[in-house]
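Right, I'll just put the structure down here and ask away after.
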Amino acid sequence: MDQVKVLNTWISPFGMRVLIGLEEKGVKYEYQEEVLSNKSELLLQMNPVHKKIPVLIHNSRPVCESLIILQYIDEAWGFTQFLPSKPYDRALARFWADFTDKKFYDAGARIIKSKDEAQEQAKRDLLESFQLLEGILKEMSAGGSLPFFGGKDFGFLDIAFIPFTSWFHTYESLGNFKIPLESEYPLLDAWVKKCMERDSVKKALPSPDKVLEYAIQLRKGFLGD
Amino acid sequence: MEEELKVLGAWASPYSVRVQIALDLKGINYTLYEQDLINKSQLLLQSNPVHKKIPALIHNGKAISESLIILQYIDETWPAVPLLPKHPYERAVALFWAAFTDDKFSLSFRDICRTQGEKQEKCIKETVANMLVLEEALKGRPFFGGESVGYVDIVLGCRAVWIQVCEEIGGVKLIDPHNTPFLYAWVQRFRNLDCVKKWLPDFDKLLSYAYMVRNYFLQQ
């Protein structure tokens with residue numbers, strides 16, 4: 001009997017990837033919410049190197065780092081496949097998932113933590129990331145005729161990026177700007193709506209208002225009031 | 001179809017060296033194009049428009065970038081002499097340790113070489129601690145890949161000469177027979193492989209280069 005446990009925090013887009021992955025594969029798991037200011041013994045034992053969430057514990061063995069966990073989930077449980085079958089397509093999916101971590105997430109984090117020119121630069125960087133992702137979605141979805149980054153199937157890159165959508169409202173509010181999704185990134189706009197129809201996504205993503213509430217506190221911590 | 005494989009690399013870059021080592025280990029033919037990182041070539045900018053960095057692998061006209069992604073692509077396209085373990089869990093562990101070494105050493109090695117005083121000391125301290133973590137992870141096996149060289153060995157081992165350069169500039173031992181006996185034996189073993197000897201940069205050449213970069217940054 002498979003024993004699966006996830007150590008996570010509700011707000012983490014990295015954790016959401018893991019939850020979506022498990023739900024998509026129909027894997028039953030136990031969820032443990034961590035308080036990062038008071039990490040559990042289990043978390044410290046299972047990820048002694050980084051002491052971070054998410055951690056997937058499969059039959060007492062830990063897997064860490066969200067994209068590594070997602071790949072592990074894909075390989076350990078059959079049924080649907082997240083990564084494409086051809087090596088080149090897999091490389092592209094991994095590259096753009098890595099991009100969402102390095103460029104997109106980083107720009108978003110800077111919007112939350114900074115102000116004035118630093119924040120303006122972060123906003124520009126975020127919009128540039130949107131532009132690139134719109135372009136890639138166009139390629140991977142055969143010009144928008146297929147619904148996902150994975151083509152006709154909801155795949156690795158879809159799972160990697162969709163959690164960040166719960167933070168869009170936060171970026172807009174704290175950055176005091178509108179992300180022109182409908183007008184400038186129409187394929188992404190349609191993609192978000194398509195993904196949000198999936199049970200796995202609905203279950204994992206928190207409401208944008210709750211995310212904003214959390215982020216406002218985070219921002220205060222960085223900038224003072 | 002005639003296979004065409006190009007690597008856009010740079011002699012001093014461990015990210016480039018790791019790709020070259022992997023291809024040679026697997027006995028795959030390719031052409032190496034040494035890149036000028038100041039005046040970037042059209043081919044490089046086309047191959048990696050997003051990050052504009054080396055290495056890039058161009059296979060039958062299709063470009064792949066980010067060295068760890070390139071290594072996985074190589075392993076999946078040419079499965080003989082596998083780099084990554086077959087079992088999903090062991091594979092996840094290998095991917096974890098590779099990501100750890102890059103996450104911890106990319107910036108700390110750079111900063112040991114480019115800074116001084118307190119900032120440099122802090123980087124050295126962190127690096128020494130992370131080497132001890134890797135010493136434990138190696139668990140006395142001949143390689144991180146077990147009996148034969150694998151993904152983590154290549155990802156860490158490509159930095160072997162940079163480790164020596166950091167030791168020289170930082171005035172510290174990062175790998176030594178007393179504190180990290182397994183890593184010490186491992187690095188000798190790794191450096192003895194033909195595919196590694198071929199591509200690791202020469203110490204004196206790399207040290208000169210590192211001092212040139214160091215002087216530039218210390219003047220800023």
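Chain identifiers are assigned alphabetically (A, B, ...) following the order of the sequence lines, protein sequences preceding nucleic acid strands; residue numbering begins at 1 within each chain. These numbers come from a predicted model, not from an experiment.
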Given F96(B) and V49(A), is the side chain to side chain contact (heavy atoms under 4.5 Å, CB included) satisfied, shown in steps? CA-CA 10 Å; F96(B) 174 87; V49(A) 173; 4.0 Å; yes

Would you say the side chain of L95(B) lies within less than 4.5 Å of the side chain of E65(A), judging by non-hydrogen atoms?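 Result no, sub-4.5 Å side-chain heavy-atom pair not found.
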
How long is the straight-line distance from CZ of R90(A) back to CD1 of I64(B), given to the nearest 0.5 Å?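 One gets 12.5 Å once the value is rounded to the nearest 0.5 Å.
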
Given that the side chain runs from C-beta out, which part of R61(A) has a heavy atom under 4.5 Å from chain B: side chain, backbone, both or neither?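 Contact with chain B is through both the backbone and side chain of R61(A).
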
Gap separating the CZ atom of F99(A) from the NE2 atom of H51(B), nearest 0.5 angstrom: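 Reported value, rounded in 0.5 Å steps: 7.0 Å.
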
Can you measure from CZ (F95(A)) to CD1 (I70(B)) and round to the nearest 0.5 angstrom?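 Reported value, rounded in 0.5 Å steps: 10.0 Å.
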
Could you look at D103(B) and say if it's the side chain, the backbone, both or neither that has a heavy atom under 4.5 Å from chain A?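 Side chain only.
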
Less than 4.5 Å to any heavy atom of chain A: does that hold for the side chain of A94(B), its backbone, both, or neither?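 Interface part for A94(B): neither.
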
Rounded distance (nearest 0.5 Å) linking atom NZ of K62(B) with atom CG of D89(A):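 It is 6.5 Å, given to the nearest 0.5 Å.
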
Using a 6.0 Å cut-off, check whether atom CD of Q188(B) has over 12 heavy atoms from anything other than its own residue.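 Check passes, neighbour count above 12.
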
Heavy-atom closest pair, residues P88(B) and Y72(A):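 Closest approach of P88(B) to Y72(A), heavy atoms only: O-CD1, 3.5 Å.
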
If you draw a 6.0 Å radius around NZ in K53(B), do more than 12 non-hydrogen atoms from other residues or ligands fall strictly inside?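 12 or below, so no.
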
CG/D194(B): more than 12 non-hydrogen atoms of other groups inside 6.0 Å: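 Incorrect, the count does not exceed 12.
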
Which one, D74(A), I68(A), D98(A), L67(A), leads in non-hydrogen pairs under 4.5 Å with chain B?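 Ranked by heavy-atom pairs under 4.5 Å with chain B, first place is I68(A).
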
Heavy-atom distances under 4.5 Å only: say whether H59(B) touches chain A with side chain, backbone, both or neither.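 Neither part; nothing is under 4.5 Å.
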
For H58(A), is it the side chain, the backbone, both, or neither that has a heavy atom closer than 4.5 Å to a heavy atom of chain B?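 Contact with chain B: none, neither part.
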
Step through the shown structure and confirm whether more than 12 heavy atoms of other residues, nucleotides or ligands are within 6.0 Å of NZ on K103(A).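 Counting neighbours around NZ of K103(A), 12 or fewer heavy atoms of other residues, nucleotides or ligands fall under 6.0 Å, so no.
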
When you measure from the side chain of Y89(B) to the backbone of P62(A), do you find a donor-acceptor pair of N or O atoms at a distance under 3.5 Å?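 Here the side-chain-to-backbone pair exists.
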
Does CD in E41(A) sit with more than 12 non-hydrogen atoms of other residues, nucleotides or ligands closer than 6.0 Å?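 It does not: E41(A) CD has 12 such atoms or fewer within range.
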
Count the heavy atoms of every other residue, nucleotide or ligand shown that sit under 6.0 Å from CD of E136(B), and state whether that count exceeds 12.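 It does not: E136(B) CD has 12 such atoms or fewer within range.
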
Contact class of K102(A) relative to chain B, heavy atoms under 4.5 angstrom: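 Side chain of K102(A) only, per the 4.5 Å heavy-atom cut-off to chain B.
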
Tell me, yes or no, whether the heavy-atom count around E120(A) atom CD, taken from other residues, nucleotides or ligands under 6.0 Å, exceeds 12.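 For E120(A), atom CD is crowded (more than 12 foreign heavy atoms under 6.0 Å).
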
Less than 4.5 Å apart, any side-chain heavy atom of W96(A) and any of V50(B)?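 When only atoms from C-beta onward are counted, V50(B) and W96(A) do touch, with a gap below 4.5 Å.
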
Between E75(A) and K86(B), does at least one N-O distance fall below 4.0 Å, as a salt bridge requires?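 No.
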
Can you establish whether the number of heavy atoms outside N59(A) located under 6.0 Å from its atom CG is more than 12?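 Yes, CG of N59(A) has more than 12 neighbouring heavy atoms, counting only those of other groups under 6.0 Å.
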
Check whether W97(B) gets within reach of chain A through its side chain, its backbone, both or neither, counting any heavy atom under 4.5 Å.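 Contact with chain A is through the side chain of W97(B) alone.
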
